[in-house]
Student: 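If you scroll down you'll find the structure; I have some questions about it.
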Amino acid sequence: MPDPHDPLPRGFFDRPVLEVAPDLLGRLVVHRTADGDVTARLTEVEAYDGPNDPGSHAYRGRSKRNGTMFGPPGHVYVYFTYGMHHCMNLVCGPPGLPTGVLLRAAEITDGVHLARKRRLAAKSDRELARGPARLVEALAVSRGDDGADVCGDGPLTVHHGTPPPPGLICRGPRVGLRGAADFPWRFWIDGEPTVSVYRPHAPRRATG
DNA sequence: GGCACGATCGGCT
DNA sequence: GCCGATCGTGCCC
C-alpha cells in the first residue's frame, strides 16, 4: 500500500483519460517555490478527450498554444483564458493522443498561509482553490510551468494522497462549455465544500 | 446563499 | 473580429 506522500508514477497518467480523471480525486498536487510549499487535495476534475471532444483545445489539431497536450503523459498543460486567468491540465494517454484532465477545485491541506497571501480575494479557506483559475493561483502555477514534468524531480508533483471511497465519486456535465455537444466528464467528491457550483455555460456578454 | 455582469486579451476563423 | 475549460463585485434574498 503506497504512502500518501509517494509521487504518482508516469504510468498512472499513461491510461485512457476517462480512467485517470476520477482516479485523480483525493490526490495531492504539490508546488515548491522559493516562498514555500503549497499542497492541494483534488476534489473536482474534468476529462478532455482530445480529437474526439469538441470541448477540447486539441479538437482542431495541434497549435502553438496546445502543443503540450500532444506530448508525453505526466506533464502539465497551462493555458491563459478570458484575458486574465490561467488553468492547468494533466496530460494523459500515450504521446500524440492529446487528452488531459482539467484540475477544477481542491482543498488546500498544507501551506494555507502562503495560499492566502496569493489569493487575497478569498473570503474563506474553502475559496482558496475553488475553481480552476483559483487553484492555479493558490499553487502559483503560471504559463512558465507549461510543459513541466510532474512525475520527476521538478517543483511541481502529484502524490498518492487518499482516494475517496468509490461511492463518494460523482459524475456530471462539464462546466463553462457552450453548445449542445457535452458529456458527463466532470468528476467530483460528494459533499466537498470546495466543489464549484455548476454553471451551464459562461454568461453572455451584455449588449451596449 | 444565489444571480447578473463587466473585465481583458490571446488564439483562432 | 469573435469568443472563451473564469472570477470578483454588487445587489438581492
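Each chain gets a letter, A, B and so on, in the order the sequences are listed, and its residues count up from 1.
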Student: Rounded to whole Å, please give me the gap between CD in A:Glu127 and P in B:dG1.
Tutor: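 So the CD-P distance, A:Glu127 to B:dG1, works out to 9 Å.
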
Student: Can you check side chain to side chain contact (heavy atoms under 4.5 Å, CB included) on A:Glu192 and A:Arg41, steps first, answer last?
Tutor: CA-CA 11 Å; A:Glu192 285 288 334; A:Arg41 171 183 165 261; 3.1 Å; yes

Student: So, does A:Ser63 get its side chain near the phosphate of B:dC12, meaning an N or O under 4.0 Å from OP1 or OP2?
Tutor: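 Yes, because at least one side-chain N or O of A:Ser63 sits under 4.0 Å from OP1 or OP2 of B:dC12.
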
Student: Once hydrogens and angles are ignored, does a donor-acceptor distance under 3.5 Å link the base of B:dA7 to the side chain of A:Tyr82?
Tutor: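 Not at all, since no donor on one side and acceptor on the other fall under 3.5 Å apart.
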
Student: Using a cut-off of less than 4.0 Å, is there contact between a side-chain N or O of A:Arg126 and OP1 or OP2 of B:dG1?
Tutor: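 For B:dG1, OP1/OP2 do have a side-chain N/O of A:Arg126 under 4.0 Å.
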
Student: Measure from the ring centre of A:Phe80 to the centre of the six-membered ring in the base of B:dG10, then say whether that distance is under 5.5 Å and the planes meet at under 30°.
Tutor: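 Not stacked by the 5.5 Å and 30° rule.
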
Student: Rounded to the nearest Å, what distance is computed from the CG atom of residue A:Leu120 to the C1' atom of nucleotide C:dC7?
Tutor: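 From A:Leu120 CG to C:dC7 C1': 14 Å.
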
Student: Give a yes/no on whether any side-chain N or O of A:His57 is located under 4.0 angstrom from OP1 or OP2 of B:dG11.
Tutor: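 For A:His57, the contact criterion (side-chain N or O under 4.0 Å from OP1 or OP2 of B:dG11) is not met.
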
Student: I need the CZ-C1' distance between A:Arg60 and C:dG4, as an integer number of Å.
Tutor: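 The distance from CZ of A:Arg60 to C1' of C:dG4 comes to 12 Å, rounded to the nearest Å.
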
Student: Between A:Glu46 and A:Arg104, does any NZ, NE, NH1 or NH2 come within less than 4.0 Å of an OD or OE carboxylate oxygen?
Tutor: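 Here A:Arg104 pairs with A:Glu46 in a salt bridge, since their nearest N and O are under 4.0 Å apart.
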
Student: From the list B:dA7, B:dG11, C:dC7, which nucleotide is the closest neighbour of the side chain of A:Arg65?
Tutor: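 Looking only at heavy atoms from C-beta outward on A:Arg65, the closest nucleotide is B:dG11.
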
Student: If you assign each of A:Met84 and A:Arg143 to its closest nucleotide in DNA chain B, which residue comes earlier from the 5' end?
Tutor: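 Taking each residue's closest nucleotide, the earlier one in sequence belongs to A:Met84.
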
Student: How close or far is atom P of B:dG10 from atom NZ of A:Lys64, stated in whole angstroms?
Tutor: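 Taking NZ of A:Lys64 and P of B:dG10, I get 12 Å after rounding.
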
Student: Is any side-chain heavy atom of A:Thr43 closer than 4.5 Å to a side-chain heavy atom of A:Leu25?
Tutor: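 They are not in side-chain contact.
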
Student: Separation of A:Arg134 atom CZ from C:dA5 atom P, in whole Å?
Tutor: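 Taking atom P of C:dA5 as the reference, CZ of A:Arg134 is at 18 Å.
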
Student: Report yes or no: is the cationic atom of A:Arg65 (NZ for Lys, CZ for Arg) under 6.0 Å from the centre of the six-membered ring of A:Phe80, at an angle within 45° of the ring normal?
Tutor: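 Because its charged atom misses either the 6.0 Å distance or the 45° angle limit, A:Arg65 does not stack over A:Phe80.
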
Student: Roughly, in whole Å, what's the span from NE2 in A:His86 to P in B:dC9?
Tutor: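 Atom-to-atom, A:His86 to B:dC9, this comes out as 12 Å.
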
Student: Identify whether NZ of Lys or CZ of Arg in A:Arg15 sits under 6.0 Å from the centre of the six-membered ring of A:Phe12 and within 45° of that ring's axis.
Tutor: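 Relative to the ring axis of A:Phe12, which defines the angle, A:Arg15 lies inside both limits.
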
Student: What is the distance, to the nearest angstrom, from the OH atom on A:Tyr59 to the C1' atom on B:dT13?
Tutor: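 About 15 Å, once rounded to whole Å.
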
Student: Paired stems touching DNA chain C, three or more consecutive Watson-Crick or G-U pairs with both distances under 3.5 Å?
Tutor: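 Correct response: B:1-7 with C:6-12, B:9-12 with C:1-4.
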
Student: If hydrophobic clusters are built from ILVMFWY residues whose side chains come within less than 4.5 Å, do A:Val101 and A:Val78 share one?
Tutor: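 Yes, it is one cluster - the side chains of A:Val101 and A:Val78 are joined through contacts under 4.5 Å.
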
Student: Is any side-chain nitrogen or oxygen of A:Arg119 closer than 4.0 Å to OP1 or OP2 of C:dG8?
Tutor: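 Answer is yes, contact under 4.0 Å.
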
Student: Nearest-Å distance, OH (A:Tyr79) to P (B:dC9)?
Tutor: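 Those two atoms, OH and P, are 18 Å apart.
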
Student: Once you apply a heavy-atom cut-off of 4.0 Å, does A:Arg62 come out as touching a base, just sugar-phosphate, or nothing?
Tutor: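 Nothing, no heavy atom under 4.0 Å.
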
Student: Which heavy-atom pair separates A:Gly111 from A:Val38 by the least distance, and what is that distance?
Tutor: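 It is O-CG2, 3.6 Å.
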
Student: Nearest to the A:Asn89 side chain among B:dG11, C:dG8, C:dA5, which nucleotide is it?
Tutor: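 Of the options given, the side chain of A:Asn89 lies nearest C:dA5.
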
Student: Any donor-acceptor pair under 3.5 Å linking the side-chain atoms of A:His159 with those of A:Thr157?
Tutor: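 Yes - a donor-acceptor pair under 3.5 Å links their side chains.
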
Student: Can you check whether A:Arg130 has a side-chain N or O nearer than 4.0 Å to OP1 or OP2 of C:dC7?
Tutor: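 No, because none of the side-chain N or O atoms of A:Arg130 sits under 4.0 Å from OP1 or OP2 of C:dC7.
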
